[in-house]
Amino acid sequence: MNGRRITSPYKIAIVWRGDRVARRDATPQNNRFHRIFEALEAVGIDAMPAVYDEEFADEVRAQLLSVDGALVWVDPIHQGKTRAALDPLLRHVAARGPWVSAHPDVILKMGVKEVLYRTRHLGWGTDTYLYDSLAAFREAFPLRLKQSGSRVLKQNRGNGGQGVWRVELVSSSGEQVRVLHAQRGSVPEEMPLAVFMDRCENYFGWGGCLIDQPFQPRLTDGMIRCYMGGDRVVGFGHQLVKALIEPPAEGPDSPAAQPGPRIMHGPDAASFQTLRATMEAEWVPQMMQVLGIERQELPIIWDADFLYGPRTEAGADTYVLCEINVSSCFAIPDQAPAAIAELVVARCREGNACKRLPSARRSP
């Protein structure tokens with residue numbers, strides 16, 4: 001940004017989950033999104049908090065219908081609550097004029113683990129399978145586990161490591177496994193494979209499927225989070241993760257078992273330029289084609305999480321996609337709020353231009 005203030009007539013709501021008190025007391029300054037509010041104000045956008053809960057969903061619906069667009073930060077699962085009620089509300093709002101980012105239909109295309117299966121043939125892919133029922137899982141998974149020895153299972157919708165498991169054989173018969181949940185504080189368990197597969201039954205409910213990928217041996221080298229504003233890279237984060245790594249003898253709550261800080265970098269960070277160029281020139285356009293997503297439908301802010309894959313013969317790094325975060329991409333690099341603000345202005349202008357077209361009509 002060049003510091004020049006843009007005069008804009010647009011109103012934006014920023015949506016996050018909270019209770020009645022949080023909704024009543026929310027201001028642009030007293031929440032974790034304050035830098036985004038500041039960036040929007042700097043370009044002349046009138047941004048307001050829109051704290052959401054199912055208890056007062058009708059109030060939020062009316063609020064969102066009064067603005068030009070909404071930026072939504074709500075996890076798929078939070079303290080037992082899902083987006084089962086929020087997503088229809090956002091669809092209702094978007095059908096009546098305001099734009100929503102990320103739109104629930106776009107989330108279902110790219111913000112779920114199924115994207116790992118649908119894009120497995122791209123350069124970021126690996127040996128990935130999808131089980132759409134418990135019966136299919138029971139039939140195919142035992143053989144794949146025997147063939148590769150260590151797999152990672154992921155429920156389709158989740159966050160914070162919920163429903164993500166590392167599974168390894170501990171008996172030559174294939175009947176006994178060692179499993180480790182990715183959620184913080186988890187410890188390995190040994191059990192019959194059949195018992196573990198029964199435990200996964202609930203993942204075929206709201207999420208609809210299980211994704212199966214090989215365990216990546218270079219997990220200890222950390223995870224690279226590639227932050228995207230639309231189809232452009234706006235920053236990176238590198239973190240030494242501990243999820244799916246067996247905790248030390250001191251236990252899962254010991255200091256040695258905790259993940260390292262996520263070190264944020266701008267989009268020009270030298271160590272990530274190969275990944276940046278490949279994302280912008282190849283992988284994102286290919287993903288859009290596979291999933292049927294137009295450029296203007298891409299979330300204003302999203303991220304792709306990569307693990308290091310096997311090195312090439314020349315010693316160069318490769319990258320394996322392990323997740324795309326669309327529902328609630330936060331925290332973000334220092335450079336991201338300004339990029340978000342500029343994209344919001346562009347999205348509002350596009351939406352306003354569409355409304356002026358003679359054929360444009362709002363849904364009844």
Side-chain angles (χ1 to χ4, degrees), residues 1 6 8 10 12 14-15 36 39-40 43 45 67-73 87 90-91 93-112 114-116 118-125 225-236 266-268 272-273 275-306 319 321 323-330 332-333 335-357 359-360 363:
M1 294 210 3
I6 301 171
S8 169
Y10 302 120
I12 295 300
I14 296 182
V15 183
I36 298 173
L40 291 169
V43 296
I45 294 285
V67 298
D68 294 286
L71 294 169
V72 183
W73 273 274
D87 286 347
L90 295 175
R91 289 188 180 95
V93 169
R96 282 152 180 79
W99 54 261
V100 172
S101 184
H103 192 287
D105 293 345
V106 175
I107 293 175
L108 289 177
K109 289 181 179 181
M110 61 181 289
V112 293
E114 186 178 350
V115 72
L116 302 174
R118 295 188 63 186
T119 64
R120 66 195 184 279
H121 59 286
L122 303 187
W124 66 25
R225 178 161 286 179
C226 182
Y227 294 91
M228 305 294 299
D231 61 353
R232 301 286 98 182
V233 173
V234 297
F236 296 93
D268 298 324
F272 301 119
Q273 288 312 292
L275 179 57
R276 177 186 182 179
T278 308
M279 280 289 285
E280 292 183 345
E282 298 179 29
W283 291 346
V284 172
Q286 291 167 357
M287 177 199 72
M288 292 166 60
Q289 183 176 20
V290 170
L291 302 182
I293 296 174
E294 299 295 330
R295 184 175 181 273
Q296 66 272 18
E297 295 176 320
L298 284 170
I300 283 177
I301 185 70
W302 58 283
D303 69 63
D305 288 348
F306 291 95
Y319 303 95
L321 181 68
E323 185 175 30
I324 290 178
N325 299 297
V326 174
S327 304
S328 188
C329 176
F330 205 86
I332 55 179
Q335 294 84 354
I340 290 172
E342 293 179 357
L343 286 167
V344 165
V345 171
R347 188 69 56 91
C348 286
R349 287 173 175 166
E350 290 169 1
N352 201 42
C354 290
K355 292 173 189 176
R356 289 197 298 265
L357 292 175
S359 59
S363 301

Worked verdict on D68 versus R347 for salt bridge (charged side-chain N to carboxylate O under 4.0 Å, His left out): CA-CA 9 Å; D68 294 286; R347 188 69 56 91; over 6 Å; no

Does some side-chain heavy atom of V284 sit less than 4.5 Å from a side-chain heavy atom of M228? yes

To the nearest 0.5 Å, what is the distance between CG on L122 and CD on Q289? 9.5 Å

Going by heavy atoms in the side chains, are V100 and V72 under 4.5 Å from each other? yes

Determine, for R276 against E280, whether the closest basic-nitrogen to carboxylate-oxygen distance falls under 4.0 angstrom. yes

Can you find a heavy atom in the side chain of I107 that is under 4.5 Å from one in the side chain of P299? no

Audit row: I300, L71, side chain to side chain contact (heavy atoms under 4.5 Å, CB included) steps and yes/no: CA-CA 8 Å; I300 283 177; L71 294 169; 3.9 Å; yes

Which value, rounded to the nearest 0.5 Å, describes the distance between I14 atom CD1 and I340 atom CD1? 8.0 Å

Could you pull out the closest heavy-atom pair between I36 and W73, with the gap in Å? CD1-CH2, 3.5 Å

Between the main-chain N or O of I293 and the side-chain N or O of K109, is there a donor-acceptor pair closer than 3.5 Å? no

Tell me the closest heavy-atom pair linking P98 and V67, and the distance in Å. CG-O, 3.3 Å

Is there a side chain to side chain contact (heavy atoms under 4.5 Å, CB included) between D231 and R295 once you walk through the steps? CA-CA 7 Å; D231 61 353; R295 184 175 181 273; 3.0 Å; yes

Are M110 and M287 packed together at the side-chain level, in the sense that at least one heavy-atom pair is separated by less than 4.5 angstrom? yes

Between Y10 and V345, what is the shortest heavy-atom contact and its length? CE1-O, 4.5 Å

Given side chains that start at C-beta, do those of V106 and E297 come closer than 4.5 Å, heavy atoms only? yes

Those residues at least two apart in sequence (or on a different chain) that pass ring pair (Phe, Tyr, Trp, His ring centres under 6.0 Å) with F272 are F236, H265

Min side-chain heavy-atom separation C226-V233 under 4.5 Å: yes

Looking only at heavy atoms, which two atoms of M279 and P285 are closest? And how far apart? O-CD, 3.7 Å

If you apply the rule side chain to side chain contact (heavy atoms under 4.5 Å, CB included), what do you find for N325 with W302, and how did you get there? CA-CA 6 Å; N325 299 297; W302 58 283; over 6 Å; no

Distance, nearest 0.5 Å, that separates OG1 of T278 from CD of Q273: 10.5 Å

Any idea which heavy atoms bring D305 and D303 closest together, and the distance? OD1-OD1, 3.2 Å

How long is the gap from OH on Y227 to CD1 on I301, to the nearest 0.5 Å? 8.5 Å

Answer yes or no: is there a side-chain heavy-atom contact under 4.5 Å between P337 and I332? yes

Taking the six-membered ring for Trp and the single ring otherwise, decide whether the centroids of F306 and W283 are under 6.0 Å apart. yes

As an exercise, state the distance from CG of L108 to CG of L291, rounded to the nearest 0.5 Å. 11.5 Å

CD/E342 to CD1/I45 distance, rounded to the nearest 0.5 angstrom? 11.5 Å

Considering all heavy atoms, the nearest L321-A304 contact: CD1-CB, 3.9 Å

Does any non-hydrogen side-chain atom of I12 lie less than 4.5 Å from one of W99? yes

